[in-house]
Amino acid sequence: MSLALDERWAPRFPKVGVLPGFGITMGFTITYLSLIVLIPLGVLVWRAAGLGLGGLWAVATTPRVLAALQTSFGLSALAVLANAFFGLVVAWVLTRYDFAGRRLLDAAVDLPFALPTAVAGIALAALYAPNGWLGALAAPYGLKIAFTPAGIFIALVFIGLPFVVRTVQPVLQDLDRELEEASATLGAGRWQTVWRVVLPALAPALLTGVALAFARAVGEYGSVIFIAGNIPFKSEIAPLLIVAQLEQFNYAGAAAIATIMLLVSFVILLAINLLQAASRRRFGDV
Amino acid sequence: MNITRRFLVGSAAALGLSSGSAATRAQTPAPVVLTNVSYDPTRELYRALNDDFAKAWLASTGQKVTIRTSHGGSGKQARSVIDGLEADVVTLALAGDIDAIARESGKLPADWQKRLPNNSAPYTSTIVFVVRKGNPKGIKDWPDLARPGIGVVTPNPKTSGGARWNYLAAWAFELDRTKGDETAARTFVQSIYRNVSVLDSGARGATTTFTQRGIGDVLIAWENDAFLALQEFGADKFDIVVLPFSILAEPPVALVDGVVDKRGTRKVAEAYLQYLFTPPAQKIIAANYYRPFKPEAATSEDLARFPKIRLVTVDQVFGGWAKAQPTHFDDGGVFDQIYRPGGPATR
């Protein structure tokens, strides 16, 4: 009886539980989140609010800003797609096979996390410039990588990779092999097993990784700036426009572009979250 | 590390003094730290000047002075000062940035530029071209930059003070050639930017792109940075093109009254700025490839490096930075109009 009651009330009073200390930890959480996230973002929006909605719209629809937003979000999406596929492959290889140097390779995945982004940008620019090792290979075919949108794409793939690998890896590790064996005994082919058993189980984790990598890529400045070329309407990212506005002491303009980016990112992350929830409902938690 | 140690020693000395007698205080004044907020290519210059000034100041007053210099894009540096970075003195790439500090923060008076000799510019420089060894594309003068097929490297004038000088020099050249045709000047500058494939955010970044990444046929650069690049990356790889016509860049220096009065460093900070105009400092300035305000103080071999170029000033051609900045570089200004969708520079 009491159990049934508890269950009925649980959704409305989630704090009814056996764990003590809800009040103090919740208070701490709210204070901490406010100091670290909510207040800074509030100040940002407040700065931009000085322009009013009309002003914000005017900034957002400047052709130059539109082009930069398109570059930033478009290339981030492409980079994330690439990472979703190759990240999955990397995670698969690292968890499913045992080979010499696996641990080293595993550690190397984290390097983009650890490296200062400016260093990564300079290294990539040196490598992909027409006189760099890889750039020189592409140059005879008239392909330019560094200082074009392709360069931005490469930098974004670089910084995004660990997010996908590190979110997918533990789930893949915990995935019951018996599921795959069962699928095989029931007559599924290899691809059918991967497509209908393994991938659905990985989907929520993969989406989390994709969301993280995407959020990181959209805001990335340090590594991109060295390899982008930064030509308006071609290879100019939105964060650079924000910096340019700051250089002109136009704080409201900078905050306006930032707020627009924040809104777009929020909508996209929300969409990814909904997708994730849907896939969880469909395939259940793993 | 060094700064921390000095700071600790300084604090210890200060504590000792406050408990000591008035007599000791007169004998050994407490060490002082000055902050000089400067622009990108002055690293080597101020390293030399700071050492020399510290020695002279110690000898004449017995006070130990440490000068910390911070470097970066001129506009960014100005913004840090506006946002509260405690700079005793600012030594930036153009007067417009110090004007902005005066306007936005009120930490120094609007007429700051009149307080020191030579419009507060202890050194000047100009804009030159750096080309690949032997000048394979035959780049000799400004019109060569607008030729189709020439790769030009220059930083973004929105973020780099040096790039603004580059842009204005090109504009002034065409204005001079056509006897004041603004439309021609705009078309000319547009065709130059059509040849630009990388817009770095600062002068040093552009130098790296040209020298290390092998991008472009010509780098538009500060004269002092061009000499440094040659020294650093090899005179066997690059040549400097001496132009018949260029712009006189006057990077000014200023005392930040609001900061020195708060920190009690006015006396030493003023002495530091005045020192920059003295013969010993002028000699160091010339040795670091800047054009000295008093050439008579420099050695003749240093001076021999500065060819006679016809130089015009921003005041003569553009009516000063207060006019040039909004017309050309603010949002919607001429530079933004050059980069329009389907505009001439975007192809």
Side-chain angles (χ1 to χ4, degrees), chain A residues 51 55 58-59 61-68 70 118 121-133 135-136 139 144-148 151 221-222 224-237 239-254 256-257, chain B residues 72-83 96-97 99-101 103-105 151 153 155-161 163-164 193-194 196-202 205-206 208-216 325-326 329-333 335-343 345-347:
Chain A
L51 292 173
V59 171
T61 50
T62 321
R64 179 113 174 247
V65 173
L66 277 181
Q70 206 182 338
I122 290 167
L124 289 173
L127 199 57
Y128 287 100
N131 65 353
W133 288 352
K144 276 204 263 174
I145 302 172
F147 313 115
T148 68
Y221 179 76
V224 173
I225 229 61
F226 292 97
I227 198 173
N230 307 322
I231 301 291
F233 297 102
K234 274 197 222 158
S235 52
E236 189 176 56
I237 53 167
L240 176 69
L241 272 189
I242 296 177
V243 173
Q245 290 291 331
L246 289 176
E247 304 276 319
Q248 296 165 70
F249 316 110
N250 184 2
Y251 294 78
I257 304 176
Chain B
S74 190
K76 187 170 74 192
Q77 295 290 79
R79 194 182 74 239
S80 314
V81 175
I82 293 170
D83 285 347
D97 284 332
D99 281 340
I101 300 176
R103 189 180 61 239
E104 306 273 329
S105 76
V153 177
N156 188 344
K158 291 283 211 179
T159 49
S160 156
R164 277 175 232 168
Y193 278 94
R194 191 181 301 151
V196 175
S197 62
V198 181
L199 279 176
D200 282 292
S201 61
T208 308
T209 299
F210 180 77
T211 56
Q212 304 293 93
R213 310 275 172 266
I215 300 280
Q325 173 69 33
F329 306 119
D330 277 2
D331 268 359
F335 181 73
D336 278 349
Q337 291 162 27
I338 288 177
Y339 281 106
R340 252 189 328 227
T346 52
R347 254 173 283 184

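Residue numbers begin at 1 in each chain, while the letters A, B, ... track the order of the sequences.
- Defined by atom type and a distance below 3.5 Å, a donor-acceptor pair is missing between the side-chain atoms of B:Asp97 and B:Gln77.
- Residues passing the salt bridge (Lys or Arg N to Asp or Glu O under 4.0 Å) test with B:Asp99: none are found, sequence neighbours excluded.
- Taking the centre of each ring, B:Tyr193 and B:Phe335 come in below the 6.0 Å mark.
- Residue contact with chain A, scored on non-hydrogen atoms closer than 4.5 Å, involves the side chain of B:Glu104 exclusively.
- Not one N or O on the side chain of B:Ser160 forms a donor-acceptor pair closer than 3.5 Å with the backbone of B:Pro157.
- Neither the backbone nor the side chain of A:Phe226 has a heavy atom closer than 4.5 Å to any heavy atom of chain B.
- Every residue two or more places apart in sequence or in another chain that forms a side chain to side chain donor-acceptor pair (under 3.5 Å) with B:Thr209 is listed here: B:Asp200.
- Of the listed residues (A:Gly229, A:Gly132, A:Ser235, A:Ala129), the one with the most heavy-atom contacts under 4.5 Å to chain B is A:Gly229.
- Interface check for chain B: of the options A:Val243, A:Ile225, A:Asn131, A:Thr62, the most heavy-atom pairs under 4.5 Å are formed by A:Asn131.
- With chain A as the partner, the residue from B:Asp331, B:Asp83, B:Ile82, B:Thr208 showing the most heavy-atom pairs under 4.5 Å is B:Asp331.
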